[in-house]
Amino acid sequence: MPPRPPSRRGLWAVVALAVVICLVLAGVWWLRDTGPARCAEGVWKRGPGGECVGASDGSYVFSPELKEVSEKIRAENRRVEESGDPWVTIAYTESMTSRKGGPRANDRGPEAVREAIEGAYLAQRELNDPESGHGRTPQLKLLLANSGQGGEQWRPLVDQLIGMAKDEKLVGVAGFGQSLETTKSAVDALREAEIPMVGATVAADGLSTEKPVFFRVSSPNRDQTAIAAKYLKGRQNDDPRFRVEVVKDIKHDDSYNETLDQDFDRARRAEGVKLVTEEGHSFVSGSTSTETALASIAETICLPERSIKAVYFAGRGRELKYFLQALTAPGRRCDLTVLSGSSTIGVFFDPTAKDGLAVAGDVLTRWKHSRIKVLYTAYAHPDAVAKIYPRRGENPYPAFRKAYHDAGFGGDQELQNGQAMMGHDAVLCLGKAARLAEAPQGREAVDAAGVRNMLLQIGKRSELPGLSGLIAFDERGNPKGKPMALVALSPAEGAHYVYRGTVSP
């Protein structure tokens with residue numbers, strides 16, 4: 001018998017099924033098409049500006065300044081993969097990109113990011129060298145993890161890193177750049193996932209907790225302000241007429257500024273430092289009127305009848321640059337010492353400055369001929385290392401300096417701000433902990449939990465010799481008893497960071 005032709009109802013059923021299938025396929029295509037576009041392996045476009053965010057083994061270059069060091073990291077990672085030795089992965093996170101038309105970037109410019117990553121790479125090379133005395137395995141792969149401008153894309157990056165800790169041998173995260181609210185959010189999320197971290201250049205007190213998962217080689221703000229308060233008290237002891245005022249940034253989402261102000265207030269009260277006014281002078285950074293407000297403050301500070309001799313500046317380097325411009329304005333005569341924290345290096349790292357120049361030439365000229373002095377507490381300085389390690393054979397800096405130059409990264413001037421030294425020390429801590437986590441026979445797999453366990457041991461029996469000093473962590477993961485360098489910021493070309501001494505909180 002010939003087959004019966006389908007009924008009208010059957011035809012409609014077939015048509016309906018075809019429509020459903022088309023809609024499903026269209027939905028899959030639409031979801032795929034509207035999801036984040038892929039920049040490279042492990043890197044996707046995120047946010048309103050379409051910044052390429054994620055973790056790369058060096059194959060993807062996040063910004064032109066990072067091309068050379070990215071290529072070197074990729075080559076070292078490839079060597080590790082082909083070595084046949086066991087290996088683990090460490091991610092180094094920073095804000096590595098910026099976008100046009102977005103909110104103003106913070107004052108950690110591309111030079112500082114590049115130098116910190118160069119230091120991280122040299123720590124990877126050092127740890128992977130069996131002749132360095134750090135052991136042989138596990139070998140270390142280093143990933144570059146970009147969180148976008150100001151760390152705004154921290155959430156997708158953190159989710160990616162958490163996944164890598166489960167599936168791709170990620171045992172820790174270093175870096176973190178600056179103490180912003182986005183940094184705290186990223187640290188909190190990684191802490192909840194129990195992925196150990198070592199901060200390189202972050203100072204806000206609120207990042208640390210009891211039973212630490214987050215550690216750091218950078219001294220927190222409370223240590224920096226304690227040093228500043230001791231210095232100012234000494235000046236007032238020498239001269240009771242030495243009048244001190246405070247200038248502070250009260251922007252609500254910057255934990256560095258907030259804790260710097262709060263910690264200095266506590267420290268100066270404990271030391272008995274007298275201020276001209278209890279409330280000081282306030283401004284809000286990141287707005288069009290910031291420079292105008294700082295110019296008004298400078299005019300008031302410099303009034304001869306006020307006789308102010310020192311200012312503690314609780315703000316970042318970019319805003320300090322504006323303050324210096326106002327203090328040295330044509331026709332203004334001001335005899336003043338400005339004291340601030342570690343972000344002072346941002347005076348010469350402003351990413352919003354034209355032609356990459358953070359301080360205009362005419363300002364430098366006026367500054368050179370003024371009576372304005374700028375001092376700050378620095379995490380590290382090449383001249384401080386010799387004071388920490390008086391015996392020549394113990395000093396790790398000469399070998400690092402040679403490796404930095406041999407890699408073609410730059411000359412001595414690039415090392416003066418300490419950024420490369422701090423990037424090195426953060427990765428050194430994680431890498432050393434990974435080595436200690438491996439069983440003596442080399443048969444125990446190293447994971448994030450094991451690395452955290454061994455970070456807790458650093459300093460309990462002996463300190464880890466770092467470029468920034470002997471590293472030991474206290475019960476909250478902060479550096480224990482670690483001195484800082486007192487550095488003068490100078491307008492002289494080629495000598496912006498002048499070592500003045502080693503100081504302890």
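Here the structure is a predicted model, which is why all the values come from computation and not from measurement.
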Is the backbone of [Y] close enough, under 3.5 Å, to the side chain of [X] for a donor and an acceptor to pair up by distance?
X	Y	answer
K482	I471	no
T337	A310	no
Q457	N453	yes
T183	Q178	yes
R191	L207	yes
S219	D223	no
T259	A204	no
R435	P138	yes

Testing Q416, K387, R500 for side chain to side chain donor-acceptor pair (under 3.5 Å) with H381, which one passes? Q416
Do [X] and [Y] make a side-chain contact, defined as non-hydrogen atoms from C-beta onward lying under 4.5 Å apart?
X	Y	value
L456	F473	no
S95	V113	no
E319	F323	no
T344	L320	yes
P465	Y389	yes
H424	S468	no
L415	Y397	yes
L470	S462	no

Report the distance from atom [atom1] of [X] to atom [atom2] of [Y], rounding to the nearest 0.5 Å.
X	Y	atom1	atom2	value
E115	M422	CD	CE	13.5 Å
K480	I458	NZ	CD1	13.5 Å
R78	K141	CZ	NZ	10.5 Å
E94	T201	CD	OG1	5.5 Å
L143	N77	CG	CG	6.5 Å
I162	L157	CD1	CG	9.5 Å

Going by atom types alone, do [X] and [Y] pair a side-chain donor with an acceptor below 3.5 Å?
X	Y	value
Y379	S342	yes
E438	T137	yes
N221	Q262	no
T97	E51	yes
N478	S208	yes

Within a 6.0 Å radius of atom [atom1] on [X], are there more than 12 heavy atoms belonging to other residues, nucleotides or ligands?
X	atom1	result
K460	NZ	yes
R125	CZ	no
E194	CD	no
E192	CD	no

Using the six-membered ring wherever Trp is involved, compare the ring planes of [X] and [Y] and label them parallel, tilted or perpendicular (cut-offs 30° and 60°).
X	Y	result
Y497	Y376	perpendicular
F400	Y404	tilted
Y121	F409	perpendicular

What's the shortest heavy-atom distance between [X] and [Y], and which atoms?
X	Y	answer
L144	S70	CD1-OG, 3.5 Å
P396	V385	CD-CG1, 4.2 Å
R46	V53	CG-CB, 3.8 Å
Y312	G341	OH-N, 4.1 Å
E68	A407	OE2-O, 3.5 Å
V451	A434	CG2-CA, 3.9 Å

Determine, for D265 against R269, whether the closest basic-nitrogen to carboxylate-oxygen distance falls under 4.0 angstrom. yes
Ion pair check, K72 and E76, cut-off under 4.0 Å: no
side-chain contact (heavy atoms from CB on, under 4.5 Å), that's the test. Do R155 and V158 meet it? Break it down for me. CA-CA 5 Å; R155 181 76 262 181; V158 164; 3.9 Å; yes
Y256 and L180: side-chain contact (heavy atoms from CB on, under 4.5 Å), yes or no, with the steps? CA-CA 7 Å; Y256 171 83; L180 304 169; over 6 Å; no
What residue among V374, L232, V311 forms side chain to side chain contact (heavy atoms under 4.5 Å, CB included) with L339? L232
Given the rule in the side-chain hydrogen bond (donor to acceptor under 3.5 Å, both in side chains) test, do S285 and D249 qualify, once you have shown the distances and angles that lead to the verdict? CA-CA 6 Å; S285 63; D249 185 355; 2.6 Å; yes
Would R114 and E111 count as a side-chain contact (heavy atoms from CB on, under 4.5 Å) if you check the C-alpha gap in whole Å, the side-chain angles of each, and the deciding distance to 0.1 Å? CA-CA 5 Å; R114 172 181 55 79; E111 301 96 334; 4.3 Å; yes
Scan K248, K184, R316 and name whichever one has a salt bridge (charged side-chain N to carboxylate O under 4.0 Å, His left out) with D254. R316
Begin from the C-alpha positions of H252 and E181 and carry the test side-chain contact (heavy atoms from CB on, under 4.5 Å) through to its verdict. CA-CA 9 Å; H252 75 279; E181 287 303 308; over 6 Å; no
If you apply the rule side-chain hydrogen bond (donor to acceptor under 3.5 Å, both in side chains), what do you find for D129 with H134, and how did you get there? CA-CA 8 Å; D129 180 2; H134 295 297; over 6 Å; no
